[in-house]
K.L.:
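Have a look at this one.
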Amino acid sequence: MAYRPLISVVMPVFETPEWALKEAIESVKGQIYENWELCVADDASESRHVADVLRAKAREDGRIRWLRREKNGNISAASNSALAIASGEFVALMDHDDVLSADALYEVVAALNENRELDIIYSDEDQIDRKRRRHTPHFKTDWNIDLLLGCNMISHLGVYRRSLIERVGGFREGFEGSQDHDLALRCSALTSAERIHHIPAILYHWRRDYGPSSFSERHLRACADASRRAIVEHLVRRNESGVVAPHPMLPGFIRVSRAVPAEAPLVSLVIPTRDRADLLERCVDGILHRTDYRNIEVLIADNESMEAETLSLFARLANDARVKIISCPGVFNYSAINNLVVSRSKAPIVGLINNDVDVIDAGWLSEMVSLVVLPDVGVVGAKLLYPNNRVQHAGVVLGVGGVAAHMGLGLPRDAGGYFGRNLMRSAASAVTGACLLVRRSVYHEVGGLDEENLPVAFNDIDFCMKVLARGYRNVWTPHAELYHYESASRGPDTEGEKVVRFRKEVEFMSKKWGDRLMRDRFYNENLSLDAGRIFQPGVPRRRKGWRWSCAGQMESGGGTNSGIVITHPFRHYIAGIST
């Protein structure tokens, strides 16, 4: 490595069991990257073994520095004391009873060698029980501000540029139990998404249920309150408004309810249809009469409806000034139909809505508008349910089935899902076009839907990826719920000539987006791409930084190690159990 920065591992200590403290320190000493220092602050522990262990370990290795605080304070105060003796360019946060993987700091520095501008680096993590069995692997997303406003999705292993921590004033007392969450929010506000990096590898092992409980385990409500206050202050710093409250269904998590602008912008909802008056009537009724957002217009894109019942419905709907029927004749081309109707809209916000969608909650559109008006947001998607209250869409994961598939498929409506993802607002690579909102300017900026290559399938996925490529973030929200009678009007893509067209669209997406389909930044490279195993551990797709070959010797052909490939030991997960 050309760049080998000193990393200060900061560890506040208080009454740690002797064996756990020793194992934590040994995991730092065992790092394959050697340019580190361990900075420990003992928060006036009464047990004699704490100082004895720290003194002995410091004698064994000069890279270990420690101090004992005169008076017991709290984890924030102790962390600041440890920071005060740190001299590294980067700071890695570590609890006093946890364990680092041997390649943890190596992976961090490998990332810094790829991009020296990084300010915040974090990794995946798992847990260790009292029998030292690893379990509950948390495979995280890349930088995801929407998740961070609901929970500390950075957590362990978190590494920060020390100058950035100093700029925000270190840890703040009064946020104990959520001090890391508060730090992440304050530091992320002073950098950019391009300088925040996620390593999709488990580098940190969080010890649970081995004896004494942690502060956060004992004071869950107080920790959630500290996170809530940290989020409130974050929104104030960004001049954003929102009501910050405990998540109603996930203890310890937070929900931010954003407000619609005082002057609610006009929203054009585009609904392509061909007959099926029963579906369309229910859909439009929900929008017009069961939705609390009032400044709307419904643009019904009629693709050659012929049934008398449908024509009669059109006549009735035309009496409502909010409804317009726009004729879109010709062979069904979903992309072309939407592009045509959006071009005729003057509203600043447009929504693509299937005619087989039905409103559940009156606040669905207000929730989506409150997000899509944010300047860095591109597309906003909703939570769609089957009529049996099982999830049909909770965002889209790329790569499954070769192109994409829905997250959360089949989960009960109120199930938390993988680390709460079924109930947590989150950034997503894509959302379904069955119900999405986007600013009209963004729609035109990316050229709308691809009516030439993607007339029916995957046009929404392609559209969302184009929006991402422009630097916007797409957001999926569980707080906008609707029923979706999937493909009830058009039918599935597994019949007759539709199969041929579908295969062409798959081939086009694979050729256009290539490897980007295989690495969804809001999923994880360690999770499965099998359609029936989304959010379950799978075969890792990441090229691991610790795998290398003796390239120089192989090229020269000399030396006894010629041709040797050295790999770091790797523990693989199957269904959450280490093997």
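Since we're looking at a predicted model, the values are computed, not measured. Just so you know, residue 1 is the first one in the sequence shown, and it goes up from there.
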K.L.:
Can you tell me if N333 uses its side chain to pair, donor with acceptor, with the backbone of E451 under 3.5 Å?
P.N.:
yes

K.L.:
Is there a donor-acceptor pair closer than 3.5 Å between any side-chain N or O of R516 and the backbone N or O of L398?
P.N.:
no

K.L.:
Can you check whether Y204 and H156 have ring centres sitting under 6.0 Å from each other?
P.N.:
yes

K.L.:
Run the side-chain hydrogen bond (donor to acceptor under 3.5 Å, both in side chains) test on Q536 and S528 for me, step by step, so that the C-alpha distance in whole Å, both residues' side-chain angles and the decisive distance to 0.1 Å come before the verdict.
P.N.:
CA-CA 6 Å; Q536 295 184 38; S528 175; over 6 Å; no

K.L.:
Is it the case that the side chain of R255 and the backbone of V244 share a donor-acceptor pair, with hydrogens and angles ignored and the cut-off at 3.5 Å?
P.N.:
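Such a contact is absent between R255 side chain and V244 backbone.
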
K.L.:
Is it true that K140 and E125 have a side-chain N and a carboxylate O under 4.0 angstrom from each other?
P.N.:
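Counted as a salt bridge, because a side-chain N and a carboxylate O are separated by less than 4.0 Å.
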
K.L.:
Quick one: is the NZ or CZ of R282 closer than 6.0 Å to the six-membered ring centre of Y485, and within 45° of its axis?
P.N.:
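Output yes; distance and angle both within limits.
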
K.L.:
Quick one: are R413 and E481 in side-chain contact, heavy atoms under 4.5 Å?
P.N.:
yes

K.L.:
Salt bridge check: are R519 and D515 linked by an N-O gap of less than 4.0 Å?
P.N.:
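No, R519 and D515 are not salt-bridged.
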
K.L.:
Ignoring hydrogens and geometry, is there a side-chain-to-backbone donor-acceptor pair from N144 to T141 under 3.5 Å?
P.N.:
no

K.L.:
Can you tell if the side chain of L482 reaches within under 4.5 Å of the side chain of K383, non-hydrogen atoms only?
P.N.:
no

K.L.:
Restricting to non-hydrogen atoms, name the atom on P265 and the atom on V373 that form the minimum distance, rounded to 0.1 Å.
P.N.:
CG-CG1, 4.4 Å

K.L.:
State whether F332 and R274 meet the cation-pi test: NZ (Lys) or CZ (Arg) under 6.0 Å from the six-membered ring centroid, and within 45° of the perpendicular axis.
P.N.:
no

K.L.:
Can a salt bridge be assigned to the pair R290 and D358 using a cut-off of 4.0 Å between side-chain N and carboxylate O?
P.N.:
yes

K.L.:
State whether the side chain of N355 and the backbone N or O of I271 hold a donor-acceptor pair below 3.5 Å, judged by distance alone.
P.N.:
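Here the side-chain-to-backbone pair does not exist.
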
K.L.:
Is there a side-chain hydrogen bond (donor to acceptor under 3.5 Å, both in side chains) between D275 and T310? Walk through the geometry before answering.
P.N.:
CA-CA 5 Å; D275 291 316; T310 307; 3.1 Å; yes

K.L.:
Is it the case that the ring center of Y443 lies less than 6.0 angstrom away from the ring center of F463?
P.N.:
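Yes - the distance between ring centres of F463 and Y443 falls below the 6.0 Å cut-off.
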
K.L.:
Is R195 paired with D119 through a side-chain N to carboxylate O contact shorter than 4.0 Å?
P.N.:
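Yes, this pair counts.
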
K.L.:
Test your reading of the model: is there a side-chain donor-acceptor pair from D124 to the backbone of I202, 3.5 Å cut-off?
P.N.:
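Side chain of D124 to backbone of I202, a donor-acceptor pair under 3.5 Å: no, none is there.
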
K.L.:
Do F535 and F139 make the cut of ring centroids closer than 6.0 angstrom?
P.N.:
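Not under 6.0 Å, so no.
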
K.L.:
Test your reading of the model: is there a side-chain donor-acceptor pair from S188 to the backbone of L185, 3.5 Å cut-off?
P.N.:
yes

K.L.:
Side chains of I353 and V270, heavy atoms from C-beta outward: is any pair under 4.5 Å?
P.N.:
no

K.L.:
Could you walk me through whether D450 and N453 pass the side-chain hydrogen bond (donor to acceptor under 3.5 Å, both in side chains) check?
P.N.:
CA-CA 6 Å; D450 187 340; N453 300 296; 3.1 Å; yes

K.L.:
Thinking salt bridges, do R294 and D292 make one under a 4.0 Å N-O criterion?
P.N.:
no

K.L.:
Indicate yes or no for a side-chain donor-acceptor contact from D320 to the backbone of R322 under 3.5 Å, with no hydrogens or angles considered.
P.N.:
yes

K.L.:
Does any part of the side chain of V284, heavy atoms only, come nearer than 4.5 Å to the side chain of L317, both counted from C-beta?
P.N.:
yes

K.L.:
Are any non-hydrogen side-chain atoms of L118 and I196 less than 4.5 angstrom apart?
P.N.:
no

K.L.:
Give a yes or no on whether K512 atom NZ has more than 12 heavy-atom contacts from other residues, nucleotides or ligands under 6.0 Å away.
P.N.:
yes

K.L.:
Is there side-chain contact between H484 and C435, with heavy atoms separated by less than 4.5 Å?
P.N.:
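No, side chains not in contact.
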
K.L.:
Could you tell me whether E445 and K466 have a side-chain N and a carboxylate O separated by less than 4.0 Å?
P.N.:
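The answer is no: the pair does not qualify as a salt bridge.
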
K.L.:
Taking all non-hydrogen atoms of both residues into account, name the closest pair between V397 and D520 and its distance.
P.N.:
CA-OD2, 3.4 Å

K.L.:
Could you check if a side-chain atom of I199 sits within less than 4.5 angstrom of a side-chain atom of Y122, using non-hydrogen atoms only?
P.N.:
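The answer is no, as the side chains (C-beta and beyond) never meet within the 4.5 Å cut-off.
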
K.L.:
Hey, is R425 close enough to D146 for a salt bridge, meaning N to O under 4.0 Å?
P.N.:
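A salt bridge is absent here (no side-chain N lies under 4.0 Å from a carboxylate O).
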
K.L.:
Under the side-chain hydrogen bond (donor to acceptor under 3.5 Å, both in side chains) criterion, do Y334 and D460 qualify, and how do the steps go?
P.N.:
CA-CA 10 Å; Y334 178 86; D460 48 0; over 6 Å; no

K.L.:
Do the non-hydrogen side-chain atoms of S345 and R440 ever get within less than 4.5 Å of each other?
P.N.:
yes

K.L.:
Are more than 12 heavy atoms from other residues, nucleotides or ligands located less than 6.0 Å from atom CZ of R316?
P.N.:
yes

K.L.:
Taking NZ, NE, NH1 and NH2 as the nitrogens, is one of them in E281 or R276 under 4.0 Å from a carboxylate oxygen of the other?
P.N.:
no

K.L.:
Of the non-hydrogen atoms in E309 and A277, which two are nearest, and what is the gap between them?
P.N.:
CG-CB, 3.8 Å

K.L.:
Aromatic contact between F419 and H138, with the criterion being ring centroids under 6.0 Å apart: yes or no?
P.N.:
yes

K.L.:
Whether the side chain of S227 engages the backbone of D182 through a donor-acceptor N/O pair (distance < 3.5 Å, no angle test) should be reported.
P.N.:
no

K.L.:
For the side-chain contact (heavy atoms from CB on, under 4.5 Å) test, which of I287, V260, I296, V359 pairs with L365?
P.N.:
I296

K.L.:
Minimum heavy-atom separation for I534 to Y523, with atom names?
P.N.:
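Shortest heavy-atom separation between I534 and Y523 comes out as CA-OH, 3.4 Å.
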
K.L.:
Taking E505 for its side chain and A457 for its backbone only, find out whether a donor-acceptor pair lies under 3.5 Å.
P.N.:
yes

